[in-house]
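Have a look at the structure below, then the notes.
All residue numbers in this chain count up from 1 along the given sequence. All of these numbers come straight from a predicted model, not from anything done at the bench.
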Amino acid sequence: MNISNTPKFYLLVLALICITVLLAVDSVSQEAGLPIISAIVFYGIGNGVAAKGKVDSPKIFGPKNDN
């Protein structure tokens, strides 16, 4: 498996590092930080499982349809 969307990967890693640092310095409570970490990790796992099954992940934004 390779990284096909490098900016998305870097944003996920950056978000994971930032929330971990905020938890380490007690700027964010564990009740708020751990669900965010879980969401980031499981989003990445979900994209990996979709990629392994050769399923295209749905895009958040797409072109506007002019009707």
Side-chain angles (χ1 to χ4, degrees):
M1 188 179 332
N2 62 356
I3 298 172
S4 61
N5 192 343
T6 312
K8 183 190 273 187
F9 173 74
Y10 286 140
L11 284 174
L12 285 175
V13 171
L14 179 66
L16 190 60
I17 290 170
C18 288
I19 198 68
T20 303
V21 168
L22 288 173
L23 279 169
V25 297
D26 273 342
S27 183
V28 174
S29 68
Q30 287 188 358
E31 292 82 19
L34 292 179
I36 295 172
I37 289 176
S38 298
I40 293 168
V41 168
F42 285 117
Y43 179 78
I45 290 172
N47 277 316
V49 168
K52 185 175 180 182
K54 296 185 185 344
V55 177
D56 191 21
S57 297
K59 309 274 186 287
I60 295 175
F61 299 106
K64 183 178 179 182
N65 292 331
D66 293 327
N67 291 333

Side-chain donor/acceptor pairs under 3.5 Å, residues 20-29, sequence neighbours excluded:
from, atom 1, to, atom 2, distance (Å)
Thr20, OG1, Leu16, O, 2.7
Ser29, OG, Ala32, N, 3.4

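Residues satisfying the side-chain contact (heavy atoms from CB on, under 4.5 Å) test with Phe9, not counting sequence neighbours, are Ile3, Val13.
Using a 4.5 Å cut-off between side-chain heavy atoms of Ile, Leu, Val, Met, Phe, Trp and Tyr, with links allowed through other members, Ile36 and Ile45 fall into the same hydrophobic cluster. Ile37 and Phe42 fall within a single hydrophobic cluster, where Ile, Leu, Val, Met, Phe, Trp and Tyr side chains are chained together by heavy-atom contacts under 4.5 Å.
Between Leu14 atom CG and Ile19 atom CD1 the span is 11.5 Å, to the nearest 0.5 Å.
Nearest heavy atom pair, residue Ile40 against residue Ala15, reads CD1-CB, 3.7 Å.
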